[in-house]
Structures are given as C-alpha cells and as structure tokens.
There are 2 protein chains.
Amino acid sequence: MDATRPQMTLADIARLAGVGSATASRALNNDKGVSAQTRQRVLNVAAQYSYVVSPEAVRLAKGKLGRVAVVAPHLSRWFFGEMVEGIETVFREAGIDVLLYFVGSLDDRRAFFEQLPARRKVDAVIVVGFPVEAAERERLELLNVNIVAAGGQHEVYPNVCIDDYRAGRQAMDHLLFLGHRRIGMIEAVDLDQPTEPSGRSSAYREALREAKIPLDPELVVSAPWGGEEGALAMDALLSLKTPPTAVYAHSDEVAVGAMRSIRRAGLRIPEDISIVGIDDHPVASLVDLTTIRQPVRSQGELAAQMVLTLLEGKTLPDREITVATQLMVRSTTAPPRRNPALISS
Amino acid sequence: MDATRPQMTLADIARLAGVGSATASRALNNDKGVSAQTRQRVLNVAAQYSYVVSPEAVRLAKGKLGRVAVVAPHLSRWFFGEMVEGIETVFREAGIDVLLYFVGSLDDRRAFFEQLPARRKVDAVIVVGFPVEAAERERLELLNVNIVAAGGQHEVYPNVCIDDYRAGRQAMDHLLFLGHRRIGMIEAVDLDQPTEPSGRSSAYREALREAKIPLDPELVVSAPWGGEEGALAMDALLSLKTPPTAVYAHSDEVAVGAMRSIRRAGLRIPEDISIVGIDDHPVASLVDLTTIRQPVRSQGELAAQMVLTLLEGKTLPDREITVATQLMVRSTTAPPRRNPALISS
DNA sequence: CGGTCGACCGGAAGCGCTTCCGTAAACCAT
DNA sequence: ATGGTTTACGGAAGCGCTTCCGGTCGACCG
C-alpha cells in the first residue's frame, strides 16, 4: 500500500517480475514483443508497488520532451484566460504538459526570451496575443522548436486569429447603417507591447471613407486595454464641442468603461450615444452591450492543434487560420437622435 | 552563430575547452573547485557555441524537479486568472517552472488526480479555488509532495484565503446599516465541484439573526457562479410577492447579472433595489457596484511563497494565512425607499 | 628539506529509462 | 525433416548531466 517510499525503479519491477528491464519497459509502455502473460505479470507487480516512471529518465532516454510553453502577457483578462483554457484542453488530451509563462511587463517578457533558450525544455511554444519582435524572434530561432501564434497576427509564424479589419468593419458598418455620421473610436493599445497598426483601426478609417464621411482626428482617442482606461478615453470624447453620437471601442472592456463615463455624464445609452465593442466578453451580455463576437476558446484549441500536427512532423494544411466574427446586436446601439444637441432630457 | 544545430553536450564543451566534464560542469554551475581562469575558458566556449544544458539530464542526475503544478477549475474567470498570475510571478523569480492543469469539468478533475501520481513530475502542487475531496487527497498523498491551497478553505492543507464569513458579514452589515430589512441572497454554487457550506452563506443567516430579522427561506436562491446564472436567480427573487429591497450576491459576476435583471424589470438601482457583491472584480468599478474587495493576486503570491519555503525544507510559520477584505461602497447600495410598493416611477 | 594540506581537476559511476542487437525457442512452408 | 521467419526476451549501451573519489602539484609548516 505505501511501499512507495523508496521510489521503485524499472529495474526493481523487472526483478520482482522475473524479467529483464527491457521487457519490463516494453510491457509498461504497451510496446509489442511481450507475451500477454508476461506483460500482465509485469503490470501486476507495477500496480502492486504503485510504481511510477520517472519522466525525466524517459525524456532523457528518448530525447523528446512532451512539453510546450504557452506565453501570455495577461491571464486575468478574459480573452487570455479563455484562450489558455482552449489550449490546455487540447494538450491535456494529447498527453502534453503545458508550461505557463506569464509575461506581464516588458521586463518579464524580455527575461523570458532571454532565459528560454538557455534551457531547452519545450518542444514548441505558443505565443498568445502579442506580436513578437525581431530580437525575440532570434532567440526563439535558437530554440529550434515549433512556434505558433494565437490571437494576434504574425506573418512570421503559423497562427490563428480573427480578421481584425473585418471585425472592425462589422462594428462600423452597423453604426453607419443605423445612420450615425459622427462616430468616435476608442483605440486600444498595449503599453507594454510593441504596437503595430491594427486592422481594427484601419477598419474605422476605411468605413468612414467609403461612407464619404470626412475623418475628424479628434474623434479618435486611444487608451490602454481595460475598463478604467476606456472610461478616461470616453471622457475625452465627451468633452468635445460636438461629441460623437456613437462610439466604436476596440474591446468590450474598454466599451464597458466608456459606458460608465457616458452614464455619469448624464447621457443615456443608446438614446444619446450608441456604443459597440469587440469580443463578446461575458460581461457584454450582462450589460446588454452590442458587440462583435469572436470565438476565443476555439482559437486556442486550433492553435494547440496546429502545434500537435507540427509535432508529428507533418506540415500544416494552412499556415493561418482565420476564425469568423459575428455582430451581436444588443441594446447599446440605436439610430442617432434627430437633434444633435445631446444634452437634454 | 548557428552552430547550435547538433545540440552540444557538456562533454563537447569540456573537450573543446580542454578540461574534464566534471570541471566543465563545475564551471557552468558556478561550483567551487575551479580556477577562475579555467572557469572563464569553459564559459567562453559554452557561450561561443551557445551551449544549453539539458534540464532532463540535470534533473535525472540530481533528483530534483524544480517544477510545481497549479491546478485550477477555471482560467477565464478573473479570480482564477488573477490568482495564477500571482503564483506564476513568484515562481518565475524563483526559477521554478509552472505546470498548468486546467480541470474544468468534474471529469477533467478526476482524470487529473488519476494521472498525476502516475508521473511524478512536480515537487509541489497548488490547488486553486476548490476543496479537495478525500479520494483526491489520497492520490495526492501518493505523490508525496508538498501541497498548498489558494483561495478556498482546506483545513487539511496549508492555505491562503479570505475569511468568507467576514466578507459576507461586511456585505450584510452594510445593507443592514443602510436600513434594509428584507434582504435577498444569491448563493453561488459550483456545479462541478463538491459543495461545502460557505462562510458567505452563514454570514447571511448570522447577520439576520443578530439583527433580529426572521429568516425568510424564499429570499435565498442559489445559482452557479456566472453572470447569466445570477440574472436568472435574480428573476426568481423579483417574482416574489414582495421582492427584497436589497440583495447580497456571493460574487460580483453574479451581482452584475442580477443587475441586468433588475434593470430589465424596470427597476432602478439603488433606488428600488440595492445590491452588493464580493470580489471587486474589475467590472465592479465599471458598473459602480458596491462590493467587498479581496486581494486576489496577493493570495496567489502568498501561496507560492508558502510552497517555496516548504520546498526549502523549512516549516511554515503559519499554516493558514487569511488576507483582509474591504467594503467598497459604490453606487448600487442606498437606503431602502419608504414605500415598499416597488413598482412605480 | 621532507611532509602535509589545499586547491584544482579528471575518471568514472551512477540517475532511470529506452532501444539496439543478439539469442533462443517456437512457428511456418516446402 | 529442414531452412527460414517470427516472436519473446535479456544484456548492455547509451541519453547528458552531477558528484564521489582519487590524483597532482605547488605552497606552506616545522
């Protein structure tokens, strides 16, 4: 029962079962070349002494790790948590261990890329939600492992993500369709990460252009991801001589923050101002926020599956997978009021 | 530069540096018994060929793992993500790898406890946010590793958490202080996890008892964690002949869901109904929800630190650490209206 | 100046497993 | 019956590192 104290080794089991260590190994691993009877005997002995293999020894001997690293800049934000859940689920089934690397700050991030190559402990790495810089790429190369990106475009690595431009257009087109002409945008930026021009931003400009609405620079403000930041950004928009009648936020969290500002300013949603976000964060439905839904968990699953096929030595059918987004109309968007004088009862 | 292809081994480095493998090892590990000059030579060669050790071999040879498992039933929920961030941060600094196990469903969970002992790959495990059953405890024992719990009471393991009863009382006392007498409670339960009576619930009964308010069973409804579920539960409360004038929700997510129901019922918050949650989830401040704040990230950090001291062979100064909670009054709570006829403009 | 003592270093024995290779027995077809 | 396959199995060689156990050798002691 608790004969486990002095960890048994394969050799012990083999001796106890009266076979060679090679045979014991084969029996335990379900390899062929062992008679059913012998195998059973070994299995019994192993069970009896609750033998457990030493993963280190296995890995050393066979040279494969069976481990992948997941690198994410956040965990407490829904998008990332959901993504990691998807990834983990797939790897779990495949019997692969997930090593988690949370690189919140730029420093963490640098440290990670500095360290990782110094210890080849994974067969692959999945980078979640941020673009990889050139220098970092170099370090990654050194590792000589497979790399895939999830939830963020990277022309360099196989990846799965949404079409940011498309998502942005869905949001903008909805607003435009409702009749809005003065639309503000709250651009989300990540202070800790190198920014690259987002499709979500170009969608705004493009949509406006097509609708022949001149671009008013003061209508676009940018804020770090996050509710409080969104609120601040919205305050800026609200303080304009003529505030927008609708706001397109790059994320739901930002949108929810903005909603608070609007409410606090004594304005009503959507009567006075419409607002649309992106993500379909769980909170979106709770606050009845119109948004563009993106399937996050499945992006994670897909990314993990890519890694799996890569690990099998196969080549990817598609180097990039784009998952579809969908407009979820709820009650924060409506046609603009006739009278653009917003402040009124 | 890219001479890394055929991974170099310690032996290679040793040969190249003209020393024995033992010396090379000592040099690389900063052990003593190597002259500064020799050490430098080895280091140079290693750097030149960008040599990296094989962690498997190291672990096999020295018998320690330097890895801990973090087991959590969710990741996409803020509480858990935040917790894991805290844990990861501490371990990162300590040079310990974090193996993530996401056990969403009961099945996953069983599978985890079934599998884990079958492969001793960690030095310790941190269980996040759920009580461990007796059977699972047995499996864990088999592992013969250190265990600590974070964010959930476990008399059995060293743990860090908040005082649920206290938190509940803070919420209830606030409501009571405002003058509410008819207070509903939305109990959060986890379908996938074995439930144990929560301090958050007993706080409700106790507070009422002290305030000499008879307990009305129909005022307590229970719902799984999560906004949608909270909304449903609130609907039940709202359909009572005489609905409560205030509700105490076990979590902010539930509370936010409840707020939607209240709003949709045409009622105003806090004029018609007050509501208070627990957590101080980021969304709480965005929707101006009064709540009881708990420091989640630091709970994670503390738990990780406990593991660290355990790993050093020291004994814990405190087997349990309770972190303080704090009432955050925002604008979803106010004194009850005089007229209990709620439906009016 | 012989001897002792550290400091420095190399050889080699593991760590616990997988797997190659060789052997022996059992099986098949001719 | 006989040569040739298969099938089972054991021995042993690694996998890449740490560490014990000695050896050298110059320094320092009496």
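Everything quoted here is computed from the prediction, not taken from an experiment. So that the names make sense, note that chain A is the first sequence line, chain B the second, and so on, each numbered from 1. Every heavy atom of this structure was used, including side-chain atoms; hydrogens, water molecules and symmetry mates were not.
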Whichever of A:V34 and B:A61 has its nearest DNA chain D nucleotide further upstream toward 5':
A:V34
When you measure from the side chain of B:L60, which nucleotide among D:dT19, D:dC17, C:dG16 comes out closest?
C:dG16
Is any side-chain heavy atom of A:D318 less than 4.5 Å from a side-chain heavy atom of A:M306?
no
Quick check for you: among C:dT18, D:dC17, D:dT18, whose closest atom lies nearest to any side-chain atom of A:N29?
C:dT18
Quick one: is A:S54 getting a side-chain N or O under 4.0 Å of the C:dC17 phosphate, OP1 or OP2?
no
Name the closest nucleotide to the A:A57 side chain, picking from D:dC9, C:dC17, D:dT18.
C:dC17
Counting only side-chain heavy atoms from C-beta out, which of C:dC17, C:dC9, D:dC17 sits nearest to B:T38?
C:dC9
Considering just the side-chain nitrogens and oxygens of A:S25, establish if one lies under 4.0 Å of OP1 or OP2 belonging to C:dC17.
no
If you check the A:S21 side chain, which of C:dG16, C:dT18, C:dA12 turns out closest?
C:dT18
Looking at D:dG10, does its base get a donor-acceptor pair with the side chain of A:R26 below 3.5 Å?
yes
Integer-rounded Å distance: C:dA13 P and B:L10 CG
18 Å
Euclidean distance, atom CZ of residue A:R39 to atom P of D:dC9 [Å, nearest integer]
9 Å
To the nearest 0.5 Å, how far apart are CG in A:L308 and CZ in A:F91?
6.0 Å
Round to the nearest Å and state the distance from A:R41 atom CZ to D:dC9 atom P.
8 Å
Nearest listed nucleotide, side chain of A:V19, among C:dT19, D:dG10, C:dC9
D:dG10
Considering only side-chain heavy atoms of B:A22, which listed nucleotide, D:dT19, D:dG10, D:dA8, is closest?
D:dT19
Tell me whether the rings of A:F80 and A:H74 are parallel (<30°), tilted (30 to 60°) or perpendicular (>60°).
tilted
Treating A:E56 as the side-chain partner and B:R59 as the backbone partner, does any N or O pair qualify as donor plus acceptor under 3.5 Å?
no
Integer-rounded Å distance: D:dC17 P and B:K62 NZ
12 Å
Spacing of A:D12 atom CG relative to C:dG16 atom P, expressed in whole Å
9 Å
Polar side-chain atom of B:E136 near backbone of B:F113 as donor-acceptor pair, under 3.5 Å
no
